[in-house]
Amino acid sequence: MKIPTTLKHKPVIVAENYANIDGRYTQNTDTQGLSLGLAQWNDRGKVDISAKVWRYTGEKWSRQSEELPLHRVLDLAILVCRTKLHFQEDAYRFENGYDAENPIIDRIGLQGDAMTVGVCTDNEKINEDIKLFSQALSDDGELIGERLSTLSRILKEMGY
């Protein structure tokens with residue numbers, strides 16, 4: 001399915017037919033494409049690049065399509081990687097998968113400050129939810145691992 005070019009987000013680089021590779025949602029998803037392009041919030045003289053997830057209801061492009069600045073996409077990737085590392089390396093050491101007395105997993109330096117990654121202890125059912133989360137992360141291990149390996153390879157090709 002072709003991503004529209006007449007809306008406010010202006011696609012430049014596209015990954016169409018995303019439904020064919022949308023993880024366990026393949027062939028049963030409303031996400032039809034991904035794009036990098038000119039952000040819909042651009043003002044005159046200011047150009048930001050954004051990533052967009054294009055969702056299609058079967059009749060029209062959905063308002064639930066999401067557009068994010070590139071740095072937020074990368075911040076989400078960092079959060080996914082650090083979370084996966086926690087569940088691979090640390091979670092097993094704690095009865096509930098985290099240190100209840102110190103739920104901070106890491107502080108990752110960015111832009112002169114740090115992204116604090118931690119377990120959401122404000123969640124009243126965190127002990128149940130973290131077990132469900134851990135199981136889902138494990139169940140999706142192959143899907144996530146394939147994408148992380150690909151990301152690692154491309155980052156190495158880029159010199160990172």
Kindly indicate whether the side chain of [X], heavy atoms from C-beta on, has any atom under 4.5 Å from the side chain of [Y].
X	Y	answer
Asn28	Asp22	no
Lys10	Thr5	no
Asn17	Asn20	yes
Arg153	Leu155	no
Trp54	His9	yes
Tyr98	Asn127	yes
Arg147	Leu151	no
Glu66	Lys52	no

For residues [X] and [Y], report the shortest heavy-atom separation together with the two atoms involved.
X	Y	value
Ile130	Gly97	CD1-O, 4.1 Å
Arg24	Leu143	N-CD1, 3.5 Å
Leu148	Cys81	CD2-SG, 3.6 Å
Thr57	Ser62	CG2-CB, 4.0 Å
Pro4	Pro11	O-CG, 3.5 Å
Arg82	Ile105	NH2-O, 3.5 Å

So how far is it from [X] [atom1] to [Y] [atom2], rounded to the nearest 0.5 Å?
X	Y	atom1	atom2	answer
Gln88	Ser134	CD	OG	11.0 Å
Thr31	Ile21	OG1	CD1	11.0 Å
Glu146	Asp140	CD	CG	12.0 Å

Tell me if the [atom1] atom of [X] is crowded by more than 12 foreign heavy atoms within 6.0 Å.
X	atom1	result
Gln27	CD	yes
Arg93	CZ	yes
Ile49	CD1	no
Glu95	CD	no
Leu132	CG	yes
Phe94	CZ	yes

Measure from the side-chain N and O atoms of [X] to the backbone N and O of [Y], and report whether any donor-acceptor pair falls under 3.5 Å.
X	Y	value
Thr83	Leu79	yes
Thr29	Tyr25	no
Thr26	Gly23	yes

Do [X] and [Y] sit in the same hydrophobic cluster, where Ile, Leu, Val, Met, Phe, Trp and Tyr count as joined when their side-chain heavy atoms come under 4.5 Å apart?
X	Y	answer
Leu110	Val117	yes
Leu68	Val14	no
Leu85	Met115	no
Val12	Ile3	no
Leu34	Leu36	no

Could you go through Tyr56 and Ser65, starting from their C-alpha distance and side-chain angles, then the distance that decides it, and tell me whether this counts as side-chain contact (heavy atoms from CB on, under 4.5 Å)? CA-CA 8 Å; Tyr56 189 76; Ser65 296; over 6 Å; no
How far apart are the C-alpha atoms of Gln32 and Trp61, what are their side-chain angles, what is the distance that settles it, and do they pass the side-chain contact (heavy atoms from CB on, under 4.5 Å) test? CA-CA 9 Å; Gln32 298 299 312; Trp61 291 100; 4.2 Å; yes
Between Asn96 and Lys131: side-chain donor-acceptor atoms closer than 3.5 Å: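 Checked: Asn96/Lys131 side chains pair up, N/O donor to acceptor below 3.5 Å.
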Between Arg63 and Arg55, is the side-chain contact (heavy atoms from CB on, under 4.5 Å) condition met? List the steps. CA-CA 8 Å; Arg63 290 179 186 216; Arg55 296 173 71 178; over 6 Å; no
Between the side chains of [Y] and [X], is the shortest nitrogen-to-carboxylate-oxygen separation below 4.0 Å, so that they form an ion pair?
X	Y	answer
Asp113	Arg107	yes
Asp75	Arg72	no
Lys46	Asp48	yes

Show the numbers, then the answer: is there a side-chain contact (heavy atoms from CB on, under 4.5 Å) between Ile126 and Val119? CA-CA 8 Å; Ile126 190 59; Val119 174; 3.6 Å; yes
Go through the steps for Lys2 and Glu16 under the test salt bridge (charged side-chain N to carboxylate O under 4.0 Å, His left out), then give the verdict. CA-CA 6 Å; Lys2 290 287 189 189; Glu16 294 178 320; 3.5 Å; yes
Report yes if the distance between the aromatic ring centroids of Phe87 and Phe133 is under 6.0 Å, otherwise no.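 Close enough - the centres of the two rings lie under 6.0 Å apart.
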